[in-house]
Structure formats: C-alpha cells, structure tokens
Number of protein chains: 2
Amino acid sequence: MTAAGDTRQRILESARDLIYSQSYADAGVAAICERAGVRKGSFYHFFPSKRELTLAVLDDFRTDLETELWGRAFAPDAPVLERFERFVEILYRQQKAVAEEAGRLLGCPFGNLGVELATRDEVIRQKVDGIFRDLEAYFREALEVSAAADELKQVDTAATAEAMLAFLEGILLMAKTRNDPEIIRRLGPAVGDILILAEDS
Amino acid sequence: MTAAGDTRQRILESARDLIYSQSYADAGVAAICERAGVRKGSFYHFFPSKRELTLAVLDDFRTDLETELWGRAFAPDAPVLERFERFVEILYRQQKAVAEEAGRLLGCPFGNLGVELATRDEVIRQKVDGIFRDLEAYFREALEVSAAADELKQVDTAATAEAMLAFLEGILLMAKTRNDPEIIRRLGPAVGDILILAEDS
DNA sequence: ATGATAGTTGACCGGTTGGTTAAGTGCAAA
DNA sequence: TTTGCACTTAACCAACCGGTCAACTATCAT
C-alpha cells in the first residue's frame, strides 16, 4: 500500500481519459504515467502490460456506464418505450457534456476500442464483445416485457436488441465523425422503429 | 514515368490493404513500402506524408465502393425497398469474402478511420464526413422517390437517410467486434424499419 | 550527344514506443 | 530491532516511428 494508496486508481483514470479522448495507439504509456504523476516503473508494478491496463479501463467504463446509463435508463419505473427514450436522452446529454469538455465528441469507448483493435488483439476484441452482449441483455429484457404485452407479433427480442444496439453505436460513430451531438437527438428516437420478427411468426 | 509506371498505384494498394486490415496507427510507412516493393524514398516522392497517403486511400475506397456497392445497389431498376435490400446483400457478401481472405471481418474502411482519427486529425475527419454525406445522398434520393409515391406521410428524407447509414455503420461495427458476418444478414433488413417524420407533419 | 527531369536508392535522423532493471524507500509484522 | 515485502525511482533498452537526404539511374526532348 502507498501512503495515499491511490496510485493504481490514478493510473486507471489517466488511461481512461487519454485512451478515450485519443485512441489506444496514441495514448502512450509515458503520457499516461505523466498525467497520473507516476513513474513508469510504478505503472508496470500495477499493470503487466498496456493491454492489461486497457482491459481494466474497459471494466472501469463498464462499471460506470452500467450504473449511470444502462441501469438508470432501464429502471423498471417507466413503460418500455420510454426507457429507450430515456437511454437516448442520457446518451445525448452525456456526449454533449464530454464534447464540451474535451473539445471533440468522443463517441462510445467500447465501440472506439472495438473498431481500433478487433483485428489486432483478440483478447480485447472478446472483452468489448462481452460488454456489448451485456448491454444487449438490458435491451432484450425490456423488449421481452413489451413483447409479452403485445402477443400479436412474434418479436425476435434477441435480434431486435442487437439491432438497436447497432443503431445506437452507429449513431455515436456518425456523431463522432461529424463532431456534432445533435445527431444523437435527431436520430436516436428512431431506435423504437426497429423491430425484427421471429422466423416462424 | 517509371518503366512499369505503377509505383504510386502499388503504394496505394499496399496502404489500402494494410490500413484496412490493421489500422492507421499499426500500418507503418516502412511496412507499406515493403509490401509494395518500394523504398521509402520513393514513397515520399509520391506522397508528402502518411496523412496525404491516407486521404488518397480514402478516395480510392470511395471510388471503388461507389461503383461496386452504392451505384449497383441504388441502380433505379428496382423498387426503392428492394434497393436497400440489395445494398445489405452486397454488403454481406463483400464483408464475408473479405473476412475469409483476411481471416477477420474488417468492417467499413470509412467508419474505421473515422473512429480512429476523428479526434486526432481534423482533415481526415472532414474527409470521412464528406464521404458519409455523399453516401447519404444516395439513400436520400431513393427515399425521395418513395416519399413522393406515398404522399400521406411527411418523411424527413435527410434524417431518415442519416439514420439508415448510422444503422448500417453500427451493424458493421458490431460485425467487426463480433467477427461474424451473419450479423449483417440478420440485422440488415431492419434498415427498412427506420423512418423519421418531418417536424411539421 | 547532351541536359533536364522523373524516379530510385539506401543510409540516416531525432524522437518515441512498450517494456526492463537494479537500487532504493517506507511501512508492518514478528 | 530485524526481516520482508509493497512500492517507488530513474536510468536504460532495442525496436520502431515518420520523415529526410544526397547521390544515383533511366528516360525523355532537343
């Protein structure tokens, strides 16, 4: 334990900020250490490699977003359609706030790392994939509530959840490429249009 | 002119392959040169910088995809809905073929570079954005044909085109992260579900 | 034959990359 | 008081990064 004992946490936060606002490749270990006020040796005392650090960063993002975004949006105190609207609204506000602070819209930390590293690092690819699957589960469970109420259509809730997540990831990709948060507000509500029926319906 | 005269083209193709299959950061100038069978000095005779090379690569991808994908899918010989289905089908086949050749699903070259560099290189960000806008125009024009026939609804064709592109980019992002082309076939057809109405409808 | 020029070559540059190492320092348990 | 271990420090590493350069060659019009 350090006197302060927060060295690992400072490295993690520094890495979060730098990797998210730049990219995996652009965020060097030296820069991460400098921002954290830590020597490189300490860094490698807590993390065996930059890749392991990145996996920890992904876990950290997941934990935060699960409480601040997914959990909040999908709290069962609102009708299902409203939950998705809430998700989009929180997403918009959060991306806008981050964009104002960082000067640029940064998009989805999972999507960013997935796109950058999926072809180059199998471990990180699987990590991002797992996070996506977890998020999909939130979507799917909400859809199942809705599908049970509306018995006429045989909704493929898994596929629809997948498609909704894809749509939102695509919106964040476009918003980042256009550096414009309003895209989220303009396109986001259409997430409710998406519906994939089961084969044997 | 060289005896062969194809040096520039070979560099371009090598860069296309490496940047697409890896990433901007991972595709080094030395590796691009080696694959093209060219010395580094020749590289910098034809391209002033790696960034300029990347802009040329983006133009090259655009030219190819405009004839092989957009132009083919949106040829006016089919009903509008069928054109989008055709787009998805070509996308699926192409991504599957590339995935089998490269060993990994590679996704959208524009989306990949947009996500990786939007926050770090304003010129490339604008380039990718411009390509997205061009592609959106294909979508929008098709939607306008459809909207004219169906006069009941006041469709916001620009926003709907934007949303459809976002959805497809998101599908490619997920397909890459999951390394599975079937996602494209499973989710792609839902692109027809998306519809954004004009404010004053 | 000559001069101009497009293209090529390979050595070279300073800076940075992720990662290592040996020598400490400070605290906690025995 | 001593031992042990978590943690820190700063110097160091080979490999690689994007980019430069002066010298060279092949091809062209004159």
Side-chain angles (χ1 to χ4, degrees), chain A residues 1-58 112-113 116-117 119-125 127, chain B residues 1-58 112-113 116-117 119-125 127:
Chain A
M1 284 278 181
T2 318
D6 63 345
T7 303
R8 202 192 119 101
Q9 192 58 30
R10 288 215 317 281
I11 295 170
L12 207 53
E13 276 168 22
S14 167
R16 246 180 81 134
D17 291 347
L18 286 177
I19 293 176
Y20 184 36
S21 66
Q22 302 179 2
S23 71
Y24 177 83
D26 285 327
V29 174
I32 291 168
C33 289
E34 194 186 352
R35 188 175 228 266
V38 158
R39 289 335 117 196
K40 219 187 267 190
S42 290
F43 175 99
Y44 282 100
H45 175 74
F46 290 101
F47 299 97
S49 67
K50 190 186 177 186
R51 171 205 262 173
E52 290 299 319
L53 192 240
T54 306
L55 292 172
V57 163
L58 282 165
N112 293 351
L113 283 167
E116 185 181 358
L117 299 174
T119 58
R120 299 286 281 170
D121 191 313
E122 176 64 11
V123 177
I124 290 180
R125 205 217 93 229
K127 184 80 181 182
Chain B
M1 285 280 178
T2 319
D6 64 344
T7 303
R8 201 193 119 99
Q9 191 59 30
R10 289 216 316 282
I11 295 171
L12 208 52
E13 276 168 22
S14 166
R16 246 180 82 131
D17 292 348
L18 287 177
I19 292 176
Y20 185 37
S21 67
Q22 301 179 2
S23 69
Y24 177 84
D26 286 326
V29 173
I32 291 168
C33 290
E34 193 185 354
R35 188 174 228 264
V38 158
R39 290 334 121 201
K40 217 186 269 192
S42 290
F43 175 98
Y44 282 98
H45 175 75
F46 289 102
F47 298 97
S49 67
K50 190 186 176 187
R51 169 205 263 173
E52 291 300 318
L53 192 243
T54 305
L55 293 171
V57 164
L58 281 166
N112 293 352
L113 284 168
E116 185 181 358
L117 299 174
T119 58
R120 299 286 282 170
D121 191 314
E122 177 64 14
V123 177
I124 290 180
R125 206 216 92 228
K127 184 81 178 180

Problem - Option among A:Lys50, A:Arg51, A:Lys127 that satisfies the salt bridge (charged side-chain N to carboxylate O under 4.0 Å, His left out) test with A:Asp121 - result: A:Arg51
Problem - Side chain A:Glu116, main chain B:Ser23, donor-acceptor under 3.5 Å - result: no
Handout entry: Ion pair check, A:Arg10 and A:Glu13, cut-off under 4.0 Å
Key = no
Problem - Which nucleotide in D:dC17, D:dG19, D:dC7 has an atom nearest any side-chain atom of B:Ala30 - result: D:dC17
Completion exercise
Closest of C:dT17, D:dG18, C:dG19 to the B:Lys50 side chain is D:dG18
Practice task
Calculate the interatomic distance between B:Gln9 atom CD and C:dG7 atom C1'; express it in whole Å.
Solution key: 17 Å
Exercise for the section: Take atom CG of B:Asp26 and atom C1' of C:dT17, then tell me their distance rounded to the nearest Å. Expected result: 12 Å
Exercise for the section: Calculate the interatomic distance between B:Arg120 atom CZ and D:dC17 atom C1'; express it in whole Å. Expected result: 15 Å
Handout entry: Candidates C:dT20, C:dT9, D:dT9 - which lies nearest the side chain of A:Lys40
Key = C:dT20
Practice task
Please check the phosphate of C:dG19 (OP1 and OP2 only) for any side-chain N or O of A:Tyr44 closer than 4.0 Å.
Solution key: yes
Exercise for the section: Nearest whole angstrom, please: distance from the P of D:dT20 to the CZ of B:Phe47. Expected result: 15 Å
Handout entry: Below 4.0 Å: OP1/OP2 of D:dT8 and any side-chain N or O of A:Arg39
Key = no
Practice task
Find the distance between CG (A:Leu55) and OG (A:Ser49) and round it off to the nearest 0.5 Å.
Solution key: 7.5 Å
Practice task
Would you classify A:Gly28 as touching base, sugar-phosphate or nothing, given that sugar-phosphate means primed atoms plus P, OP1 and OP2, and contacts are heavy atoms under 4.0 Å?
Solution key: sugar-phosphate
Exercise for the section: Return no unless some side-chain N or O of B:Thr7 is found under 4.0 Å from OP1 or OP2 of C:dT8. Expected result: yes
Practice task
Mind checking the CD1-CD1 spacing from B:Ile19 to B:Ile32? Nearest 0.5 Å is all I need.
Solution key: 4.5 Å
Practice task
Would you mind reading off the distance between B:Glu52 atom CD and D:dG19 atom P, rounded to a whole angstrom?
Solution key: 10 Å
Handout entry: First of A:Phe43 and B:Phe43 reached from the 5' end of DNA chain D, by closest nucleotide
Key = A:Phe43
Fill in the blank from the handout: Taken to the nearest whole Å, CD1/A:Ile19 to P/C:dG18 is 10 Å
Exercise for the section: May I have the distance from B:Arg51 (atom CZ) to D:dG18 (atom C1'), rounded to whole angstrom? Expected result: 13 Å
Fill in the blank from the handout: Of the candidates D:dG19, C:dT8, C:dG18, the side chain of A:Val29 sits closest to C:dG18
Fill in the blank from the handout: From CG of B:Leu18 across to P of D:dC16 the rounded distance in Å is 15 Å
